[in-house]
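Data block below; observations after.
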Amino acid sequence: MELQLPARPPFSFAAVADSHGWRQLAPFGGDRDALSYVLRLNAGRVIELHLAGAGDGVRVAADGEFAAAELSEIAATVTWMFGLDQDLSAFYAAASGEPKLAQAAAGGKGRILRSPTLFEDVVKTILTTNTVWGSTKRMVANVVGLFGDPLPADPARRAFPTPASLAASDEATLRQAARLGYRAPAVLELAQRVAAGALDLEGLRTADLPTPELRKRLLAIKGVGPYAVANLLMLLGRYDAIPIDSWALSQVSRGFHGGAAIGPAEVEAAFARWGAWKGLAYWFWQWAD
DNA sequence: GGTAGACCTGGACGC
DNA sequence: GCGTCCAGGTCTACC
């Protein structure tokens with residue numbers, strides 16, 4: 001099976017793949033020019049998608065035969081993951097006079113790689129907090145390996161777990177076997193609420209909510225604080241928030257304050273002039289190093 | 001509203 | 001090989 005999915009130009013497959021570290025997390029595989037992703041379709045079938053750039057869009061390939069409904073689901077999933085229908089022309093127009101953002105427009109940067117579900121993105125975001133990237137990769141790999149459905153052609157590879165699969169686990173297993181540590185209760189509670197229908201996380205992807213209300217709902221999730229909510233808002237296409245972590249403080253300190261100690265307010269102030277686009281301006285800013 | 005301390009893991013470091 | 005220290009956001013208790 002092969003699909004060609006068009007994107008609103010400008011588009012760069014490698015730029016989306018490199019937009020942040022998500023492609024290094026299971027069940028992604030491959031490199032910036034050719035990604036793979038083990039996807040569990042809604043009906044439970046587990047497949048491996050092979051994704052690559054093709055002109056102004058994405059080429060999707062997978063082994064096997066697919067029904068029309070499955071093809072439609074795959075197309076919608078990849079369109080969401082790569083933000084193919086996003087219109088960032090206003091951001092490029094705003095950034096046109098800024099040398100530090102010149103490479104963004106020229107390189108087709110602006111889209112941020114997403115997971116197929118907001119559930120997966122929330123879990124992964126929680127697993128990025130208060131730890132180093134190597135631990136995040138390990139924790140995500142553990143969760144996928146322990147609770148994901150296997151790919152029939154290669155059972156060692158698995159899809160990201162469903163909320164029900166994680167909800168059926170327990171805190172001790174998540175703490176010790178998956179090595180989530182103190183994050184285990186947060187991930188378990190999230191999975192249980194989504195699996196029970198108490199939290200419609202996927203509905204938030206397309207909800208026509210003002211950003212402050214969306215922020216409020218995401219902040220209500222255990223384990224999601226100011227940094228995590230800003231990261232999730234970026235993934236949801238709301239760019240008026242900056243995910244301020246220790247790296248952001250370090251970069252803004254060096255780039256705007258000569259290395260002096262700063263706090264979140266200084267990061268916000270440094271990008272305030274970009275308004276609704278300040279998150280993207282920060283994300284794709286060309287830092288000295 | 002602001003602040004301090006606990007939470008947990010794994011890497012770096014010293015012995 | 002072992003023990004100690006530290007970095008990394010969020011949560012809770014307290015002022």
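In what follows, chains carry the letters A, B, and so on, assigned in the order in which the sequence lines appear, proteins first and then strands, with residues in each chain numbered from 1. This is a predicted model, so every value here is computed, not measured.
Counting non-hydrogen atoms under 4.0 angstrom, A:Ala186 reaches nothing in the nucleic acid. Using a 4.0 Å heavy-atom cutoff across all strands shown, A:Ile221 reaches sugar-phosphate atoms only and no base atom. Counting non-hydrogen atoms under 4.0 angstrom, A:Ser246 reaches the backbone sugars and phosphates but no base.
Between the side chain of A:Arg183 and the backbone N or O of A:Asn130, at least one donor-acceptor pair lies under 3.5 Å.
Nearest-nucleotide assignment on DNA chain B puts the 5′-proximal partner with A:Arg175, out of A:Val132 and A:Arg175.
Nearest nucleotide to the A:Asp245 side chain, out of C:dG9, C:dT10, B:dG10: C:dG9. Closest contact between the side chain of A:Arg183 and the listed nucleotides C:dT10, C:dG8, C:dC11 involves C:dG8.
Spacing between atom CD of A:Glu189 and atom C1' of C:dT10 amounts to 14 Å, rounded to whole angstrom units. When rounded to the nearest whole Å, the span between CG of A:Leu180 and P of C:dG9 equals 17 Å. Rounded to whole angstrom, the span from the NZ atom of A:Lys137 across to the P atom of B:dG11 amounts to 11 Å. Spacing between atom CD of A:Gln251 and atom C1' of C:dG8 amounts to 16 Å, rounded to whole angstrom units.
Aromatic pair A:Tyr239/A:Phe271: centroids not less than 6.0 angstrom apart.
For the pair A:Arg179 and B:dG10, the criterion of a side-chain N or O lying under 4.0 Å from OP1 or OP2 is met.
Residue A:Asp154 places its CG atom among more than 12 non-hydrogen atoms of other residues, nucleotides or ligands, all under 6.0 Å distant.
A salt bridge links A:Glu98 and A:Arg273; the closest N-O separation between the charged side-chain nitrogens and carboxylate oxygens is under 4.0 Å.
Evaluation of atom-type donor-acceptor distances gives no pair under 3.5 Å for the side chain of A:Tyr227 against the base of C:dG8.
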